[in-house]
Chemist: 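Structure in structure tokens, see below.
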Amino acid sequence: MQTPTSCHVMAKPTGSICNIDCDYCFYLEKEKLYPDRQNNWRMSDATLEAYIKQTIEAQKNNHVQLTWQGGEPALMGLTFFQKAVELSTKYAGKKTVEHSFQTNGLLLNDDWCRFFKQHNFLVGLSIDGPADLNDCYRKNRAGKPTHAKVMKAVQLLKKHNVDFNTLTVVNRENVKHPERVYQFLKDIGSTYIQFTPLVEREAREVKGDQLRLVLPNEALADVTEWSVPVRQYGEFLNTIFDQWVRKDIGRIYINMFDSTLSSWFGESPSICHFAQRCGHAFALEANGDLYNCDHYVYPEHLLGNIHDKSIEECNTSSQAIQFGKDKQDTLNSDCKRCKYKFVCNGGCPKQRFAVSPNGLPNHNYFCQGYKLFFEHTATYMQEMCNLLKQGRAPAELMWTLNYREPKTSAIKMNPVGRNSPCLCGSGEKYKHCCG
């Protein structure tokens, strides 16, 4: 087995504790794993220091990403993250340390935003679209809407010029409205958009403190009512892609599109779901327990506690390496023969609970939706790859399509002057960039 040279750790300093109560959240019930921490849920200073020191030590390159998620990490308070910055400076050495912070935005204020700006935090804001679509599932603990407060967070981030991206969970409701969702995200100023398709399965019978949402090997389980229908997910992506490819290449970055283009170009996909192997993107609970993956926080996938076993030891352990290897080794023969295997590699192992067209088990739930998207975008991906190989910008495809589809294109683009801003969004003049 090949020894990994680095890893990524998603820290959850509040564990599953959150200030909202999303209907679809897969993590809230993880509190059942730590009943003794209900009244003492905060990550301790000792665990914080161990996490930062060990994460920096575990990276063999000079770039370190410290990722904060939840629950809701802002519940820890600003002082906690001021200390985190101090510790990352203390242990960085010659390495560059960056922080990313995933939040629902409800607790953000001017102090938080000034702090984010001062220390170059990349903020990820969770929002599922316009108010009616967002508030369908994302409610506070009193069952009230959250959208208005998230929009206040958007304005605060803009006011302080804080870089932010958006994370949108594609669920049974917002999948019906791809144009509205995409336009809304652009309107609020999101230029980095992450679409995360939702599927969870719940056990038909739960005994005692057992977890309700299950892993793929549980036979007696059903897909939840809020999970996104497979074909609709593919159509959702295609509808948005058709707009993006004609006017937003180089200006709006969408995780699914970027990852697919990377695979077509022969590079590693940016989405872990589509990597050949996984196993080195860990989840750290508030007490120091380290798990194989954020979606595998189950007792059988506990790698150890960082107070007893370092992150580097966990990363190079046979359990972590085997977890990643299993993703590739357990592909069924239908997946291995698929012409799009090079793009998705069978998808996330947690989503492999369906049956393939030829009746084979261990098949990805999203397979049909993925294929719809890959087939719809194949020609465009190839053309963007050709441009890249010629040292040109993929954004050139936009005006190629404009001239190729003069009667059908909904986007009419004016000719670009040599001294006009380049359409790829670089900020350079066209003659010095794609021209």
Side-chain angles (χ1 to χ4, degrees), residues 127-130 133 165-198 228-265 269-271 273-274 339-340 343-344 347 366-388 392-416 422-425 434:
I127 189 165
D128 288 352
L133 300 179
N165 56 37
T166 51
L167 187 155
T168 297
V169 176
V170 185
N171 55 62
R172 183 173 290 274
E173 292 305 315
N174 63 4
V175 74
K176 303 170 187 174
H177 306 278
E179 298 98 334
R180 286 185 62 209
V181 171
Y182 186 44
Q183 189 59 52
F184 169 81
L185 295 174
K186 291 200 295 182
D187 287 346
I188 67 172
S190 178
T191 55
Y192 291 84
I193 298 172
Q194 180 178 345
F195 289 124
T196 301
L198 173 65
V228 61
V230 180
R231 186 175 182 86
Q232 276 188 283
Y233 175 57
E235 292 168 348
F236 174 92
L237 291 174
N238 288 349
T239 300
I240 293 175
F241 182 86
D242 285 345
Q243 293 189 28
W244 176 84
V245 79
R246 288 169 173 82
K247 67 174 182 177
D248 292 328
I249 302 175
R251 192 172 69 88
I252 304 292
Y253 298 88
I254 299 175
N255 64 332
M256 184 66 170
F257 304 168
D258 290 348
S259 183
T260 303
L261 181 58
S262 293
S263 295
W264 273 89
F265 196 63
S270 56
I271 299 178
H273 289 192
F274 296 152
K339 65 179 179 179
Y340 296 117
V343 187
C344 83
F366 286 112
C367 178
Q368 184 188 24
Y370 289 156
K371 280 188 175 180
L372 276 176
F373 174 71
F374 297 147
E375 289 170 358
H376 182 77
T377 61
T379 299
Y380 303 105
M381 292 293 173
Q382 186 61 66
E383 291 189 69
M384 285 189 282
C385 281
N386 291 340
L387 288 167
L388 286 167
R392 297 158 67 186
E396 288 189 42
L397 179 57
M398 293 189 293
W399 54 81
T400 300
L401 293 176
N402 181 60
Y403 290 117
R404 188 190 301 170
E405 307 168 350
K407 294 181 181 179
T408 59
S409 176
I411 311 302
K412 301 301 179 187
M413 299 177 64
N414 296 323
V416 184
C422 188
L423 291 177
C424 75
C434 296

Chemist: So, using side-chain hydrogen bond (donor to acceptor under 3.5 Å, both in side chains) as the criterion, who are the partners of T168 when residues are at least two apart?
Modeler: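 So T168 forms no side-chain hydrogen bond (donor to acceptor under 3.5 Å, both in side chains) with any residue.
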
Chemist: State, with a plain yes or no, whether a side-chain heavy atom of P229 is found less than 4.5 Å away from one of R172.
Modeler: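 In short, these two side chains touch, coming nearer than 4.5 Å.
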
Chemist: Just jot down the side chain to side chain contact (heavy atoms under 4.5 Å, CB included) partners of P394, sequence neighbours excluded, or say none.
Modeler: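 With sequence neighbours excluded, P394 shows a side chain to side chain contact (heavy atoms under 4.5 Å, CB included) to I249, M384, L388, given in chain and number order.
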
Chemist: Could you tell me if the side chain of L261 sits less than 4.5 Å from the side chain of D258, heavy atoms only?
Modeler: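 Side chain of D258 against side chain of L261, heavy atoms only: no contact under 4.5 Å found.
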
Chemist: Under 4.5 Å between any side-chain heavy atoms of L133 and H177, yes or no?
Modeler: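 Yes; the side chains approach each other to less than 4.5 Å.
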
Chemist: Can you list the residues that meet the side-chain hydrogen bond (donor to acceptor under 3.5 Å, both in side chains) rule with Y192, with sequence neighbours excluded?
Modeler: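 Per chain and number, Y192 pairs via side-chain hydrogen bond (donor to acceptor under 3.5 Å, both in side chains) with no residue.
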
Chemist: Is it true that a side-chain atom of N174 and a backbone atom of G129 form a donor plus acceptor pair closer than 3.5 Å?
Modeler: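 No, the answer is negative, given that no donor and acceptor are paired below the 3.5 Å cut-off.
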
Chemist: About how many Å separate CG of D242 and OH of Y380, when rounded to the nearest 0.5 Å?
Modeler: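 Between Y380 OH and D242 CG, I get 6.0 Å after rounding to 0.5 Å.
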
Chemist: Closest heavy-atom contact between S262 and P269?
Modeler: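 It is CB-CA, 4.3 Å.
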
Chemist: Measure the shortest side-chain to side-chain distance between C344 and F366 over non-hydrogen atoms and say whether it is less than 4.5 angstrom.
Modeler: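 The answer is no; the side chains never approach within 4.5 Å.
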
Chemist: List the residues meeting ring-ring contact (aromatic ring centres under 6.0 Å, His included) with F257, not counting sequence neighbours, and say none if there are none.
Modeler: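 If we apply the ring-ring contact (aromatic ring centres under 6.0 Å, His included) test to F257, skipping adjacent residues, the hits are F241, W244, F373.
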
Chemist: Taking only residues two or more places apart in sequence or in another chain, which ones pass side-chain hydrogen bond (donor to acceptor under 3.5 Å, both in side chains) with Q183?
Modeler: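 Applying side-chain hydrogen bond (donor to acceptor under 3.5 Å, both in side chains) to Q183 gives D187.
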
Chemist: For T166 versus L185, what's the shortest heavy-atom pair and its separation?
Modeler: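 Shortest heavy-atom separation between T166 and L185 comes out as OG1-CD2, 4.0 Å.
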
Chemist: Could you report the tightest heavy-atom contact between V169 and D128, atom names first, then the distance?
Modeler: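 For V169 versus D128, the nearest heavy atoms are N-OD1, 3.0 Å.
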
Chemist: Can you tell me how far OG1 of T196 sits from CG of N171, rounded to the nearest 0.5 angstrom?
Modeler: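 Between N171 CG and T196 OG1, I get 11.0 Å after rounding to 0.5 Å.
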
Chemist: Would a 4.5 Å heavy-atom cut-off, applied to side chains only, mark V175 and V228 as touching?
Modeler: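 The answer is yes; the side chains approach within 4.5 Å.
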
Chemist: Can you see whether Y182 engages D248 through a side-chain donor-acceptor pair at a distance of less than 3.5 angstrom?
Modeler: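 Yes, D248 and Y182 have a side-chain donor paired with an acceptor closer than 3.5 Å.
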
Chemist: Side chains of I254 and I240: closer than 4.5 Å at any heavy-atom pair?
Modeler: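 Answer yes - side chains close enough.
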
Chemist: Please find the pair of heavy atoms, one from F265 and one from C385, that lie closest to each other, and give the distance.
Modeler: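 It is N-SG, 3.6 Å.
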
Chemist: Taking only residues two or more places apart in sequence or in another chain, which ones pass side chain to side chain contact (heavy atoms under 4.5 Å, CB included) with L387?
Modeler: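 Partners of L387 under the side chain to side chain contact (heavy atoms under 4.5 Å, CB included) test: R392, E396, L397.
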
Chemist: If you look only at pairs with a residue in residues 371-381, which of them pass as a salt bridge (Lys or Arg N to Asp or Glu O under 4.0 Å), with sequence neighbours excluded?
Modeler: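 Listed by first then second residue: nothing to list.
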
Chemist: Please report the interatomic distance OG(S259) to CH2(W264), rounded to the nearest 0.5 Å.
Modeler: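 Answer for the OG-CH2 pair, S259 versus W264, is 13.5 Å.
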
Chemist: Could you work out, with side-chain hydrogen bond (donor to acceptor under 3.5 Å, both in side chains) as the rule, every residue matching E179, not counting sequence neighbours?
Modeler: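 Not a single residue meets the side-chain hydrogen bond (donor to acceptor under 3.5 Å, both in side chains) criterion with E179.
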
Chemist: For R231, which residues count as a side chain to side chain contact (heavy atoms under 4.5 Å, CB included) partner, sequence neighbours excluded?
Modeler: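 Only E235, Q368, L372 meet the side chain to side chain contact (heavy atoms under 4.5 Å, CB included) criterion with R231.
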
Chemist: How many angstroms lie between CZ in F195 and CG in L167, if you round to the nearest 0.5 Å?
Modeler: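 Between F195 CZ and L167 CG, I get 10.0 Å after rounding to 0.5 Å.
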
Chemist: Could you check if a side-chain atom of M398 sits within less than 4.5 angstrom of a side-chain atom of V245, using non-hydrogen atoms only?
Modeler: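 When only atoms from C-beta onward are counted, V245 and M398 do not touch, as no gap falls below 4.5 Å.
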
Chemist: Judged by atom type as modelled, is there a donor-acceptor pair below 3.5 Å linking the side chain of S190 to the main-chain atoms of K186?
Modeler: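 No: the side chain of S190 does not pair with the backbone of K186.
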
Chemist: By side chain to side chain contact (heavy atoms under 4.5 Å, CB included), which residues pair with T191, not counting sequence neighbours?
Modeler: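 In terms of side chain to side chain contact (heavy atoms under 4.5 Å, CB included), with neighbours along the sequence ignored, T191 is linked to I252.
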
Chemist: Using a 4.5 Å cut-off on heavy atoms from C-beta on, say whether the side chain of L198 contacts that of V170.
Modeler: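 No; the side chains remain at least 4.5 Å from each other.
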
Chemist: Going from CE on M256 to CD1 on I193, what distance comes out if it is rounded to the nearest 0.5 angstrom?
Modeler: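 So the CE of M256 and the CD1 of I193 are separated by 14.5 Å.
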
Chemist: Can you name the salt bridge (Lys or Arg N to Asp or Glu O under 4.0 Å) partners of E173, sequence neighbours left out?
Modeler: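 Residues passing salt bridge (Lys or Arg N to Asp or Glu O under 4.0 Å) with E173: K176.
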
